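Just passing along the structure, written as structure tokens.
Convention: sequence-line order gives letters A, B, ...; per-chain numbering from 1. Computed from a predicted model, the values in this text were never measured in an experiment.
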Amino acid sequence: MPTTAPAAHALTDVTASDSTLRRFLHGLPGVDAVGLEARAASLGTRSIKTTAKAYAIDLAISMVDLTTLEGADTPGKVRALGAKAVRPDPTDRTAPSTAAVCVYPDMVATAKEAVAGSGVKVASVATAFPAGRAALDVKLADVRDAVAAGADEIDMVIDRGAFLAGNYAKVYEEIVAVKEASGAARLKVIFETGELSTYDNIRRASWLGMLAGADFIKTSTGKVAVNATPSNTLLMLEAVRDFRAQTGVQVGVKPAGGIRTSKDAIKFLVVVNETAGEDWLDNHWFRFGASSLLNDLLMQRQKLATGRYSGPDYVTVD
Amino acid sequence: MTTENTEKRPSAFAYAPAPESRSVVDIAPSYGLFIDGEFVEAADGRVFKTVSPSTEEVLSEIAQAGEADVDRAVKAARRAFGKWSALPGSERAKYLFRIARIIQERSRELAVLETLDNGKPIKETRDADLPLVAAHFFYYAGWADKLDHAGFGANPQPLGVAGQVIPWNFPLLMLAWKIAPALATGNTVVLKPAETTPLSALFFADICRQAGLPKGVVNILPGYGDTGAALVEHPDVNKVAFTGSTAVGKAIARQVAGSTKKVTLELGGKGANIVFDDAPIDQAVEGIVSGIFFNQGQVCCAGSRLLVQESIQDELLDSLKRRLSTLRLGDPLDKNTDIGAINSAEQLSRITTLVEQGEAEGAERWSPACELPSSGYWFAPTLFTNVTQAHTIARDEIFGPVLSVLSFRTPDEAVAKANNSQYGLSAGIWTEKGSRILAVANKLRAGVIWSNTFNKFDPTSPFGGYKESGFGREGGRHGLEAYLDV
């Protein structure tokens with residue numbers, strides 16, 4: 001497993017000061033929005049059929065971070081979600097488990113119990129998710145709580161205000177601090193791409209996150225209008241590809257929010273396959289942050305297996 | 001030749017075959033010439049075969065027009081001209097709109113047909129050729145009743161009978177580029193499709209009948225070069241429009257010299273795709289790929305010369321090679337195919353010869369690991385590094401999936417090298433700096449200049465060349481001028 005300590009790679013000088021960091025991020029190649037979107041759209045026309053579709057659907061199921069992030073979450077809801085993650089299709093044991101369940105910190109302990117012994121991870125959002133508007137020590141306490149309750153993965157949000165104000169060093173230092181507080185838990189860094197707004201910003205945020213030691217870079221919280229898109233995910237996949245080429249460190253990618261159908265998920269997998277390559281076609285390196293996606297994947301899986309589309313009453317509603 | 005030294009592993013995510021259905025198109029065992037609204041045999045009974053370049057399967061047997069047929073077709077077009085040109089523009093527009101809509105309705109069938117006859121991937125015929133064909137007819141339909149306002153004075157008059165000769169690289173699209181403006185302006189046409197790709201033009205003849213187009217307004221004469229020469233030479237042709245090779249274009253110019261025929265020629269090219277060090281690199285790589293590998297590089301405006309700023313050359317080439325390794329070559333009807341077949345054995349041998357010459361002259365050849373099908377005409381995507389302006393592959397049009405990479409140090413050097421060509425059809429500029437786009441575009445001698453994109457077409461935009469790339473413009477308001485007596 002490649003190390004992710006921020007000081008270990010070839011770009012250490014970049015983070016030596018605020019000005020070196022700024023020069024580096026502003027020196028990254030620009031992104032032509034029209035060209036990027038055209039490329040994503042053209043990959044969206046790939047026709048994934050039969051055996052390839054079966055492979056993609058199982059892979060997608062195994063990459064889902066099955067998520068519930070509501071004020072109304074209860075232990076009962078989280079237990080149901082955990083059961084679903086472990087055995088997504090109670091009628092078919094060959095259906096793979098999802099990668100993780102993703103909950104708020106106060107639900108981590110419940111989630112841990114629900115998935116105990118299954119290999120399904122528990123991810124917890126933290127750092128005053130989704131706005132991230134809290135003092136650093138509050139954010140770190142949030143992270144430590146989640147880790148103490150057994151979270152395997154921490155999904156943090158960056159300070160978008162600081163990023164948009166050009167205060168990259170503040171964002172960097174926060175990520176480094178959260179990484180340290182996360183201990184052995186893998187850290188996913190959420191940019192909230194819909195708020196960063198431009199592709200140039202998304203590329204800069206990707207590098208900033210990776211330089212600070214992110215294990216995963218993640219598009220969005222699912223709580224704003226624009227979440228994961230094939231274009232912003234393609235751009236982040238280019239970033240992790242280029243980062244590995246320069247540093248040897250592999251970083252994962254997690255699009256989250258707005259991916260609801262199997263067709264969408266398969267398009268994202270095509271983007272992964274043809275951008276970062278098959279090294280990322282594994283749930284250690286690519287995840288879908290989603291809730292309703294899973295049932296659509298299961299319905300499509302049943303249809304492929306039986307030739308019939310059975311409908312929403314034949315998958316569990318949790 | 002160097003290729004990827006690692007054997008291409010079968011990917012875990014191997015895309016299963018996803019072929020478009022052939023059954024959506026019904027190709028008859030034989031086709032006649034389309035003269036005066038009827039399909040007829042050639043006067044001398046000659047026929048030729050058209051094959052599918054990806055399999056060498058014979059698709060159909062086609063009547064081959066000779067001089068007598070050319071005369072018959074020109075006479076039919078002349079007879080039709082009076083009434084057709086006298087129709088109000090709004091009436092001619094109705095026919096063109098009808099044709100455009102039929103093309104849209106039959107686009108899946110026509111896309112499969114074009115892919116079978118030409119060898120290009122279904123992805124391109126479906127997403128590029130056919131939408132552009134329909135758009136071209138829609139666009140010129142809109143002009144038909146507005147010619148008074150096109151900037152050529154009041155009531156501009158058509159020329160008469162247009163003799164049109166088109167190439168095999170975009171068979172139906174080149175037909176649309178020729179026929180739509182000719183009909184909108186009130187001319188009648190005799191069109192000769194290329195001998196390797198006659199089918200879509202004959203299907204278009206059927207669409208003309210379906211649209212109720214008056215007899216003789218459109219005539220289609222499949223045949224070889226001699227058919228085209230007879231058409232160009234016919235004394236009752238008023239306008240010659242040709243798209244094809246510079247050698248044939250020159251011959252046509254000589255043929256019509258001294259006559260009153262109006263001529264437009266759209267010929268070869270050696271487009272320079274210029275990548276500056278401040279370019280959006282990932283999108284530039286995509287643009288380079290679509291610039292030279294779109295339609296297997298068989299595009300007159302292809303970006304066949306990559307001019308890259310020396311300071312980013314290595315980085316860009318690494319990215320480009322990685323990208324080329326993801327191209328999928330194979331069955332053109334498979335929806336996931338990126339690179340289809342070369343159109344003919346003749347073209348394949350021309351590409352092969354020029355590539356061998358490139359190697360012999362010392363340029364370094366590279367292709368991704370790529371298995372070619374055993375039958376049909378195929379050429380792997382290829383790039384040459386260590387190329388200089390003196391190399392044949394930097395000067396001659398290859399018309400195949402072969403990219404020559406050259407470098408430059410300064411913007412002035414980039415412009416000088418880009419313009420240092422007998423051709424002047426297309427160029428591309430890649431930079432995030434708007435002022436540089438404008439400054440460089442002003443200095444390039446090329447008819448079409450793309451910035452931060454390549455090989456994008458639109459019926460509203462004029463297209464044509466400088467120097468040995470020809471003269472006259474097709475598309476846009478400018479495209480009307482070639483068919484009007486102004």
> If you check every heavy atom in residues 274-291 of chain B against those of chain A, which residues fall under 4.5 Å?
Replying inline: B/Ala279, B/Pro280, B/Ile281, B/Asp282, B/Gln283, B/Glu286

>> Distance check, rounded to the nearest 0.5 Å: A/Thr45 atom OG1 versus B/Lys123 atom NZ?
In response: 5.5 Å

>> Given B/Phe13, which partner from the list A/Leu59, A/Val270, A/Val272 fulfils the side chain to side chain contact (heavy atoms under 4.5 Å, CB included) test?
In response: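 Testing B/Phe13 for a side chain to side chain contact (heavy atoms under 4.5 Å, CB included) against A/Leu59, A/Val270, A/Val272 leaves exactly one candidate, A/Val270.
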
> Just how far is it from atom CG of B/Asp334 to atom OG of A/Ser47, taken to the nearest 0.5 Å?
Replying inline: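 Answer for the CG-OG pair, B/Asp334 versus A/Ser47, is 7.5 Å.
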
> What is the distance from atom OG of B/Ser319 to atom CZ of A/Arg241, rounded to the nearest 0.5 Å?
Replying inline: 6.0 Å

>> Please classify the contact between A/Leu235 and chain B as side chain, backbone, both or neither, with a heavy-atom cut-off of under 4.5 Å.
In response: neither

> Does atom CZ of B/Arg322 have more than 12 heavy-atom neighbours, drawn from other residues, nucleotides or ligands, at distances under 6.0 Å?
Replying inline: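 Yes, the 6.0 Å shell around CZ holds more than 12 heavy atoms from other groups.
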
> Considering all heavy atoms of both residues, which atom of A/Ala52 and which atom of B/Ala16 are nearest to each other, and what is their separation?
Replying inline: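 That closest heavy-atom pairing would be CB-N, 3.4 Å.
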
>> Quick check: under 4.5 Å, non-hydrogen atoms only, which of residues 28-39 of chain A neighbour chain B?
In response: A/Pro29, A/Gly30, A/Val31, A/Asp32, A/Gly35, A/Leu36, A/Arg39

>> Looking at every non-hydrogen atom in both residues, tell me the closest pair between A/Arg46 and B/Asn336 and how far apart they are.
In response: NH1-O, 2.9 Å

